J.: 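Dropping a structure here in structure tokens format, bear with me for questions.
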Amino acid sequence: MTRPVLAVASECVPLVKTGGLADVVGALPRALADAGWGLRTLMPGYPGVMAKLGPASEALSIDNLFGGPARVLALRHDGLDALVLDAPHLFARDGSPYLDAGGRDWPDNDLRFAALCRAAARIAAGAMGGWRPEVVHLHDWQAGLVPEYMAADGTRVPVVMTIHNIAFHGLAPASRMGVLGLDPARFTLDGFEYYGQVSALKAGLVGADRITTVSPGYARELTTPAFGMGLDGVIRARREVVSGILNGIDTGLWDPRTDPHIRRYQTPRGKADNRSALRAAFDLPDAAGPLAVVVSRLSQQKGLDLLLDAVPGFVAAGGQLALLGSGDRALETAWARAARSLPGVGVRIGYDEPLAHRMFAGGDAVLVPSRFEPCGLTQLYALRYGAVPVVARTGGLADTVIHANDAALRAGVATGILHAPDDTRALADALEQLIALHADDAAWKRMQGNGMKHPVGWESSSRAYAALYQSLVA
Ligand code: ADP
């Protein structure tokens with residue numbers, strides 16, 4: 001007998017993904033099943049999701065969900081117990097889950113995700129036939145209003161709120177409270193008010209019984225003004241219910257021995273073919289130096305503007321760089337220009353999951369120079385695929401990579417290179433160290449081997465989530 005949990009998120013692998021949130025939300029049900037927890041995951045029925053659905057049953061019908069009819073469809077998809085909110089007036093549009101075709105936020109994003117939360121609260125109250133969750137697990141601001149609606153309905157089920165990135169607050173003008181069906185009496189410092197606006201994330205943080213974030217390092221950082229993004233006071237006030245549980249990766253989907261997108265390998269030696277193929281794909285010549293890769297959203301957070309400044313020196317020293325990413329238009333343009341002017345740099349603007357697999361398989365190193373990073377997944381893929389992570393010393397990056405300082409190298413335990421965040425000079429130094437270590441064959445192989453052995457799955461973290469759930473229902 002599994003114990004029922006309702007998970008609520010705006011994206012979930014394998015149905016819809018724009019970033020790491022989807023990977024984690026998609027991996028948790030599998031990770032927790034063995035511990036006896038049965039997660040059903042509620043997400044919006046974007047066109048891409050609706051197109052992937054096979055036979056589904058209608059689990060709940062809502063006559064009017066913020067301006068139109070809606071229903072919740074229940075189905076199994078690729079091992080996932082999915083609940084899909086089909087509300088065409090909110091989700092049947094071209095574009096990404098959050099942005100229109102021009103790259104702007106949908107103007108009614110507050111309402112779209114409030115609808116997800118409203119439907120979740122109905123399910124938590126037992127509206128879906130006989131199924132009633134023992135725990136409700138919310139992910140990021142898109143699920144943040146659930147406790148408000150549960151309180152309005154008088155539903156008492158323990159709630160866990162997981163912060164994947166505190167930079168996104170889900171703000172709406174106070175004048176939207178009526179449209180969103182929120183109780184104005186809760187528009188206070190202790191409620192969902194945030195500097196005169198409605199904050200969906202804050203609603204989740206004040207309404208949840210437990211708050212988790214995706215690494216112990218980020219959990220500590222969130223209590224500070226530098227990383228709390230204006231919510232550090234809320235986090236500090238709730239300190240006793242906050243914990244950091246490190247993300248894992250789906251080691252079934254990300255396994256160099258079985259990955260269908262690559263030339264499979266068991267040991268780092270098997271990377272050579274993948275590296276040649278990757279060089280060819282990016283029009284890069286053969287070279288003796290390391291091929292570094294980046295797979296990332298292009299945003300201020302990811303520090304790829306700093307890399308633009310550091311990369312000419314890296315290339316001059318014999319390194320090469322292949323970058324796959326999309327996002328900020330100015331960064332896309334700058335990186336496309338870098339690829340034209342620097343012979344050792346290849347750039348692909350876009351989102352391409354199979355190519356991402358080939359990049360981790362073919363890359364000698366994976367660069368993650370983020371200014372802040374709640375957990376980060378690409379450094380974990382790097383470890384698993386025998387690519388050496390070169391990462392900023394922040395959040396989950398610092399929790400998952402063992403820096404190649406003299407002591408760690410001597411002890412033979414290093415897995416990568418850490419550098420101070422938000423510092424071009426430190427990044428350039430790290431790239432210099434990368435070149436030097438790559439030239440030291442024994443040290444390099446040792447690091448690759450250490451990385452491939454480093455645990456990056458869900459084993460210990462799924463136990464931590466299971467213990468958390470258990471503590472709430474005990
Ligand atoms: P974030 O969630 O902040 O974007 P993470 O490192 O946690 O960062 O997760 C990013 C996820 O998105 C990883 O699975 C990464 O491989 C993937 N990804 C990012 N950009 C691209 C892209 N352009 N093409 C394919 N996959 C990408």
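Counting convention: from 1, in listed order, for ligands and their atoms alike. The model shown is predicted, which means the values in this text are computed figures rather than measured ones.
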J.: How about R30: does its CZ atom have over 12 heavy atoms from other parts shown lying under 6.0 Å from it?
T.: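 Open: at most 12 neighbouring heavy atoms sit under 6.0 Å from CZ of R30.
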J.: With heavy atoms of D352 as the reference, note each atom of ligand 1 found under 4.0 Å away.
T.: 24 (N), 25 (C)
J.: Between F113 and W141, does the ring centre distance come in under 6.0 Å?
T.: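 They qualify: ring centres under 6.0 Å apart.
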J.: Non-hydrogen atoms of R348 versus ligand 1: any pair closer than 4.0 Å?
T.: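 The answer is no, since R348 has no heavy atom less than 4.0 Å from ligand 1.
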J.: With heavy-atom distances below 4.0 Å as the criterion, list the atoms of ligand 1 near D23.
T.: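 Counting atoms of ligand 1 from 1, those under 4.0 Å from D23 are 11 (C), 13 (C), 14 (O).
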J.: Give the atoms of ligand 1, by number and element, whose distance to some non-hydrogen atom of G376 is under 4.0 Å.
T.: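 Under 4.0 Å from G376, ligand 1 has these atoms: 6 (O), 7 (O).
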J.: Students often mix this up, so state it plainly: with edges at 30° and 60°, are the rings of Y469 and Y465 parallel, tilted or perpendicular?
T.: tilted
J.: Where is the nearest protein heavy atom to atom 6 (O) of ligand 1: which residue, which atom, and how far?
T.: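 Going atom by atom, the protein heavy atom closest to atom 6 (O) of ligand 1 ends up being L377 N, 3.0 Å.
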J.: Show which atoms of ligand 1 fall inside a sub-4.0 Å distance from at least one heavy-atom site of Y381.
T.: 13 (C), 14 (O), 16 (O)
J.: Check the pair F372 / F227 against ring pair (Phe, Tyr, Trp, His ring centres under 6.0 Å), numbers first and verdict last.
T.: CA-CA 8 Å; F372 66 94; F227 290 93; 7.1 Å; no
J.: To which protein heavy atom is atom 21 (C) of ligand 1 closest, and what is the distance rounded to 0.1 Å?
T.: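 Of every protein heavy atom, Y351 CE1, 3.5 Å lies nearest to atom 21 (C) of ligand 1.
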J.: R210 pairs by side chain to side chain contact (heavy atoms under 4.5 Å, CB included) with which of S243, S471, P158?
T.: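 Exactly one option meets the side chain to side chain contact (heavy atoms under 4.5 Å, CB included) with R210, and it is S471.
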J.: Thinking salt bridges, do R371 and D422 make one under a 4.0 Å N-O criterion?
T.: yes
J.: Establish, for the pair R257 and Y265, whether the NZ or CZ atom is under 6.0 angstrom from the six-membered ring centre and no further than 45 degrees off its axis.
T.: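 Verdict for Y265: no cation-pi partner in R257.
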J.: Got a sec: does the CZ of R236 have more than 12 other heavy atoms crowding it under 6.0 Å?
T.: yes
J.: Who gets closest to atom 8 (O) of ligand 1 by heavy atom: E373, E11, R297, K302?
T.: K302
J.: Can you tell me if G350 has a non-hydrogen atom under 4.0 Å from ligand 1?
T.: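 Contact present.
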J.: For atom 12 (O) of ligand 1, which protein heavy atom lies nearest, and how many Å away is it?
T.: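 Nearest protein contact, heavy atoms only, for atom 12 (O) of ligand 1 is K17 CE, 3.7 Å.
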J.: Does G325 reach ligand 1, in the sense of a heavy atom lying below 4.0 Å from it?
T.: yes
J.: Under the side chain to side chain donor-acceptor pair (under 3.5 Å) test, which residues partner Q142, sequence neighbours left out?
T.: none
J.: So, R463 and D34, do they make that salt bridge, N to O below 4.0 Å?
T.: no
J.: Within the structure, does V295 bring an N/O atom to less than 3.5 angstrom of an N/O atom in ligand 1?
T.: no
J.: Using a 4.0 Å heavy-atom cut-off, which part of P374 comes near ligand 1: side chain, backbone, both, or neither?
T.: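 It is neither part, as no heavy atom is under 4.0 Å.
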J.: Tell me which part of H164 gets within contact of ligand 1: side chain, backbone, both or neither, using heavy atoms under 4.0 Å.
T.: neither
J.: Going by distance only, is there an N or O of Q301 that falls short of 3.5 Å from an N or O of ligand 1?
T.: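 So ligand 1 has no N or O lying under 3.5 Å from an N or O of Q301.
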J.: Could you go step by step and tell me if W444 and H438 meet the ring pair (Phe, Tyr, Trp, His ring centres under 6.0 Å) rule?
T.: CA-CA 6 Å; W444 187 258; H438 182 260; 5.0 Å; yes
J.: Only one of D259, N274, D255 passes side chain to side chain donor-acceptor pair (under 3.5 Å) with Y385; say which it is.
T.: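 Only one option passes, and that is D259.
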J.: Could an N or O of ligand 1 be found under 3.5 Å from any N or O of W254, whether backbone or side chain?
T.: no
J.: Quick one: nearest non-hydrogen protein atom to atom 20 (N) of ligand 1, plus distance?
T.: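 Here the nearest protein heavy atom works out to S296 C, 3.5 Å.
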J.: Looking only at N/O atoms, are G19 and ligand 1 under 3.5 Å apart anywhere?
T.: no
J.: What protein heavy atom lies closest to atom 2 (O) of ligand 1? Include the residue and the distance to one decimal.
T.: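 That would be G20 N, 2.7 Å.
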J.: Can you confirm, on distance only, whether ligand 1 has an N/O atom lying under 3.5 Å from any N/O atom belonging to T18?
T.: no
J.: In the protein, which heavy atom is nearest to atom 15 (C) of ligand 1, and how far is it?
T.: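 For atom 15 (C) of ligand 1, the nearest protein heavy atom comes out as T378 CG2, 3.7 Å.
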